[in-house]
Amino acid sequence: MHVFKEKEALKSYLSSYHDKNLPVGFAPTMGALHNGHLSLVEESKKHNAVTVVSIFVNPTQFDNQEDLSKYPKTLESDLALLQKSNCDVVFVPEVTEMYNSDISSKHFDFEGLEKQMEGSFRKGHFDGVGTVVKLLFEIVKPTHAYFGEKDFQQLQVIKKLVKLEGLQVNIVGCPIYRESNGLAMSSRNQRLSPEEKQEAGFIYTILNQAKINYPKKTILELNNWVKEQFKNHPLLKLEYFTIADEETLNPIANKKESNKPRAFIAAYCNTVRLIDNLSLHSQI
Ligand code: PAF
């Protein structure tokens with residue numbers, strides 16, 4: 001496994017694949033890797049001649065300094081996991097290598113996808129994501145790039161980025177990986193105590209109940225029901241629960257507004273912010 005810190009060295013290594021038109025798979029991450037990330041590597045390895053993973057905690061997508069400074073950093077174990085997964089290349093740049101001296105994001109118009117949910121609670125978040133993903137794509141020039149569906153809104157935003165900027169890369173969404181209690185795997189879970197991790201399974205339980213009740217209740221009833229469940233929870237604080245159309249991400253007030261509804265949720269478990277989502281129309 002080759003580990004690069006400098007973009008020019010990485011570009012030069014990957015040029016032998018690009019020159020021969022061989023497919024390059026890429027999974028951008030912020031490290032603190034878990035099985036969800038490793039599933040992206042596994043998927044990439046099936047379809048590409050070389051698989052690249054980047055580990056970079058991108059400062060421009062955080063609107064909260066504490067969230068950024070507390071983001072788990074576990075480089076040594078990340079590299080060991082990637083090595084075990086037969087990942088070919090890892091890119092671990094410093095902030096200055098990515099941004100030079102201008103650590104700021106470009107402004108994007110993602111045609112409304114960036115406005116709801118994560119976008120409304122994390123100011124400038126998707127500008128930061130769009131900026132770094134575009135920079136990374138320019139360096140790696142991947143044929144396929146893999147993103148987890150846990151960040152479903154991010155996945156839709158990146159698909160839009162690729163379209164708007166005319167980038168030549170296929171964006172592949174991969175299923176959410178869950179703990180045995182249903183908690184969506186996330187790097188942030190490393191900040192939870194074993195007890196908090198157990199309690200946080202409640203988020204998925206609620207999503208599942210919402211899916212079961214979807215045919216029987218109105219959207220308003222479902223929204224109120226979810227709020228009520230969190231009111232009584234000793235550890236978890238609901239930030240938002242939204243039923244939105246999967247493509248436009250516009251929240252719906254009436255079931256007729258979408259034939260692809262998906263439930264989205266963000267909640268705090270003490271100080272750790274967790275997100276999850278579940279399709280309300282598919283079998284899984
Ligand atoms: O999902 C993430 O880990 C990050 O948002 C990403 C896509 C690596 C950009 O920093």
Side-chain angles (χ1 to χ4, degrees), residues 4 7 10 25-41 43-44 51-65 67-75 78 81-82 87 89-99 103-106 108 110 113-114 117-119 121-140 142 144-162 165 167 169-177 184-191 249 264 266 272-277:
F4 294 94
K7 54 190 175 208
L10 173 62
F26 180 39
T29 82
M30 297 206 296
L33 302 182
H34 50 71
N35 286 343
H37 293 117
L38 301 181
S39 75
L40 307 181
V41 174
E43 194 54 27
S44 171
T51 291
V52 183
V53 168
S54 62
I55 298 177
F56 178 65
V57 182
N58 173 35
T60 66
Q61 69 189 71
F62 288 82
D63 66 344
N64 176 332
Q65 279 312 302
D67 193 23
L68 172 61
S69 63
K70 289 201 171 147
Y71 201 86
K73 290 178 192 76
T74 56
L75 184 59
D78 289 349
L81 285 171
L82 291 172
C87 174
V89 175
V90 191
F91 181 43
V92 201
E94 294 290 340
V95 174
T96 46
E97 183 67 8
M98 288 302 292
Y99 285 100
I103 307 168
S104 63
S105 41
K106 186 176 171 288
F108 294 93
F110 294 117
L113 291 177
E114 76 281 26
M117 304 182 287
E118 291 304 285
F121 284 93
R122 302 182 69 189
K123 289 285 161 243
H125 174 65
F126 289 117
D127 280 341
V129 169
T131 301
V132 80
V133 169
K134 189 165 175 254
L135 287 172
L136 288 165
F137 281 178
E138 280 162 4
I139 298 165
V140 177
H144 301 90
Y146 300 83
F147 294 86
E149 285 188 347
K150 185 188 67 79
D151 297 292
F152 194 88
Q153 188 173 11
Q154 167 173 281
L155 175 63
Q156 298 297 52
V157 162
I158 289 166
K159 284 182 183 166
K160 182 68 77 183
L161 171 80
V162 163
E165 303 277 327
L167 307 174
V169 48
N170 290 301
I171 302 301
V172 185
C174 299
I176 299 175
Y177 265 59
M185 287 192 186
S186 162
S187 304
R188 286 191 164 87
N189 295 356
Q190 296 197 11
R191 291 180 53 207
L249 299 183
F264 296 86
V272 183
R273 189 172 182 279
L274 302 167
I275 61 170
D276 201 350
N277 65 83

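Numbering starts at 1 and runs along the sequence shown. Predicted model only: the values in this text are computed from it and were never measured. First listed ligand is number 1; within each ligand, the first listed atom is number 1. Because only heavy atoms are used, hydrogens play no part in the values below, and waters and symmetry mates are left out as well, while side chains stay in.
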Report yes if some heavy atom in the side chain of Met98 is under 4.5 Å from a heavy atom in the side chain of Phe91; otherwise report no. yes
Which residues pass the side chain to side chain contact (heavy atoms under 4.5 Å, CB included) test with Ser44, sequence neighbours left out? Asn48, Thr51, Tyr146
For Val133, which of Leu135, Val129, Thr131 qualifies under side chain to side chain contact (heavy atoms under 4.5 Å, CB included)? Val129
Name the residues with a heavy atom less than 4.0 Å from ligand 1? Pro28, Thr29, Met30, Asn58, Gln61, Val132, Phe147, Gln154
Qualifying residues under salt bridge (Lys or Arg N to Asp or Glu O under 4.0 Å), relative to Lys70, sequence neighbours excluded: Glu66
Under 3.5 Å side-chain donor-acceptor pair for Tyr71 and Asn58: no
For residues 147-155, which side-chain N or O atoms pair as donor and acceptor with protein atoms under 3.5 Å away, sequence neighbours left out?
residue	atom	partner	partner atom	Å
Gln153	OE1	Glu118	N	3.0
Gln153	NE2	Leu113	O	2.9
Gln153	NE2	Gln116	O	2.8

